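Report on the structure given below.
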Amino acid sequence: MQASVNLWGVMTKERMQERCDVVIVGAGFAGMYALHSLRKAGYKVQVIERGSDVGGTWYWNRYPGARCDVESMEYSYSFSESLQQEWNWTERYSGQPEILRYAQHVADRFDLRCDIRFNESVVSANYRESEDRWAITTDKDNCFDAQFVIMATGCLSSTNIPDFEGLEGFRGDWYHTGLWPKEGVDFSGKKVAVIGTGSSAIQSIPRIAEQADHLTVFQRTPNFSIPAHNRQLKDEFVEDIKSSYADFRAQNRLSITGFGSRMERHEDSVFDTEEGDRNQRFESKWAIGGFGFLSAFGDLLASTDGNKFAAEFVRNKIREIVHDPEVAELLCPQQVIGCKRICVDTDYFVTFNRDNVVLVDIKDTPISRVSEHGIQIQAADSIREYEFDTLVFATGFDAMTGSVLRVDIRGRGGLQLKDKWHAGPRTYLGLSIHGFPNLFTISGPGSPSVLTNMIVSIEQHVDWVCSCIEYMQSRALTSIEAKNDAENAWVDHVNAIAGETLYPSCNSWYLGANVPGKPRVFMPYVGGLPMYTEKCEQVSRDGYAGFSLTKLN
Ligand code: NAP
């Protein structure tokens, strides 16, 4: 932004006003690929990113132990054969620093940074019906005028920090895992509290415990976690995949989750197997590690009784690992396994055998406030106080909708998206919203997104959006909008198939249950990536069925 002198001779800040074809919000993996694809197709694109660099979730989540739970040979872009051949992952599951380096490499290699404005947040987006264009403003008072807006804001990027009374008066330091400082945190000699026992906590607790003087973990709901058995990748394994990388990617796209095509998935019923063989199957999956545990039988997520076999197997593992039986029992989850996203860990349960680690169960005695010196718990007839130097909030995210709704988005007739979504998100295909023409959500609610390998889903969505824009340009169409009845039918379908599974049976962030006051709607599409992709392709083959496409007179 430049300074200029106005009519009265007063220096004013000159607002930047820029006209482009597409504004993309966010420079994570979705925003980067959307920029690359649309620019290659000849469009003028502007990306706006609140961080100081690319990487999205891998830019913000720098907490100790942060690691991907999808294997690295699969959690990467497939759009460029030379990129996938030249990049060398070092471990089975990549750590955050390596994934961030990969994102930075992609930005350099495809010269993306010149079209990304860093350290700037989009504040509002208003649809101007008379022009079929959007007016976008940022926190730096810059304005952009674009035909299309792509929300590439990520599913897990709006942090959920509980509204604990007294936090502002806490004398120590506090952090959220999803907003970790770039310079890192030194826990040496400190008394530390971790609040939460989801994936971020499960990954960070073992690393914090190694460094801190003392660690207290505040647990509301225990979680199922399967060992990662992380290791250095062997050259032969990497070469084998690279020798036919395109086929490997194609196979992964045919799997329900977009990854694990080489993983053995058993389709037989857990009820048709004798106890000894059943446990043997679970044992071999435990030895392999990772998400594949739930592929031991075909019906683990379809039947509560069947699910109990898998859940009890993991509980018995926890009882074997954790020495103190009372602590082990507290760490045993009672919900359906897989209903909340399963965690993948390195040394999580064994950490509770350390002398410097204590588990505090707060299921029935929640944190009542944060004091100057630590955390207060409301026990039956007294207040218990725990003193700390450092608090770590591993309390998750306002998932899937939080980052979209952080922008004041107004569509046709000034309709605010937050009003339209007051009872939960409504989209057509998780890509488009009735009342909000020319606006696309990448991996939005109603798409498979978080139930899949995110990069595979991102590539599928971005490819679809690019083809759609090309289709419109070739016919001089100026607006595309999801029809109300198509959106209603899609929302009904998403709910109906979720209702056939055990997913809605627990308080997960998939349902919005982790954020007080958030409407409870099962947000991701459980039908699987292949079925979903086919549906999207059918829609475009049919001339964008379910959408209104118009031309400005
Ligand atoms: P999360 O799964 O939502 O876990 C948040 C934790 O904080 C839960 O244990 C929750 O308890 C607790 N909590 C929330 N509010 C609380 C309060 N007021 N008082 C006490 N406890 C409270 O969040 P996350 O661990 O950040 O993980 C979110 C998702 O991010 C994961 O499911 C995964 O998809 C992704 N992730 C992936 C990786 C990876 O690739 N390996 C790593 C980290 C995260 P309740 O369960 O009782 O609500």
Side-chain angles (χ1 to χ4, degrees), residues 29 56-58 60-72 74-75 92-96 99 154-165 167 175-180 193-205 207 216-226 228 230 257 259 289-291 331 333-335 338-346 348 359-370 375-378 391-400 402 443 449-455 506-518 523-524:
F29 281 101
T57 198
W58 301 105
W60 298 103
N61 286 268
R62 296 164 190 251
Y63 60 84
R67 191 173 287 288
C68 191
D69 51 13
V70 174
E71 298 195 25
S72 31
E74 312 184 31
Y75 189 84
R92 177 185 184 187
Y93 295 103
S94 305
Q96 174 273 334
I99 305 177
C155 293
L156 295 158
S157 47
S158 189
T159 51
N160 171 43
I161 301 177
D163 190 15
F164 291 134
E165 188 198 323
L167 182 59
Y175 307 94
H176 187 284
T177 48
L179 282 176
W180 205 255
V194 171
I195 302 151
T197 47
S199 296
S200 305
I202 281 176
Q203 290 186 334
S204 57
I205 283 166
R207 303 290 82 80
T216 305
V217 176
F218 289 89
Q219 171 185 274
R220 192 163 69 180
T221 315
N223 259 310
F224 288 102
S225 190
I226 308 296
N230 190 34
T257 52
F259 66 91
F291 280 138
L331 287 166
Q334 298 307 321
Q335 69 269 19
C339 165
K340 288 187 172 196
R341 187 179 166 109
I342 235 173
C343 304
V344 178
D345 74 280
T346 300
Y348 176 61
L359 180 68
V360 176
D361 175 32
I362 53 168
K363 184 160 72 66
D364 301 320
T365 52
I367 293 173
S368 58
R369 69 185 306 276
V370 175
I375 285 179
Q376 292 182 351
I377 303 290
Q378 179 68 59
L391 310 181
V392 174
F393 289 88
T395 44
F397 301 90
D398 182 355
M400 303 198 77
S443 61
S449 62
V450 290
L451 298 179
T452 65
N453 179 346
M454 281 303 292
I455 301 194
C506 68
N507 287 336
S508 68
W509 58 258
Y510 296 143
L511 262 175
N514 62 324
V515 176
K518 187 165 174 170
M523 294 181 284

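Every heavy atom of this structure was used, including side-chain atoms; hydrogens, water molecules and symmetry mates were not. Whatever order the structure lists them in is the order used to number ligands and atoms, beginning at 1. What you are looking at is a predicted structure, and each value in this text was computed from that prediction instead of being measured.
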(message) Just so I know, are the side chains of T257 and F291 near enough to count as touching, which here means a heavy-atom distance under 4.5 Å?
(response) no

(message) Can a donor-acceptor pair be found, under 3.5 Å and without considering hydrogens, that links the side chain of Q335 to the backbone of P222?
(response) yes

(request) Give me the ring orientation class for Y175 and W180: parallel if the planes are under 30° apart, tilted from 30 to 60°, perpendicular past 60°. (result) tilted

(request) Not counting sequence neighbours, list each pair that qualifies as a side-chain hydrogen bond (donor to acceptor under 3.5 Å, both in side chains) and has a residue in residues 360-370. (result) E165-R369

(request) Answer whether the closest heavy-atom distance between the side chains of L391 and F164 falls below 4.5 Å. (result) no

(request) Could you pull out every protein residue that has a heavy atom closer than 4.0 Å to ligand 1, ordered by chain and then number? (result) Y63, R67, C68, D69, L156, P162, F164, I195, G196, T197, G198, S199, S200, Q203, R220, T221, K340, R341, I362, A394, T395, G396, F397, W509

(request) Please answer whether the main-chain N or O of F397 pairs with a side-chain N or O of T159 as donor and acceptor at a distance below 3.5 Å. (result) no

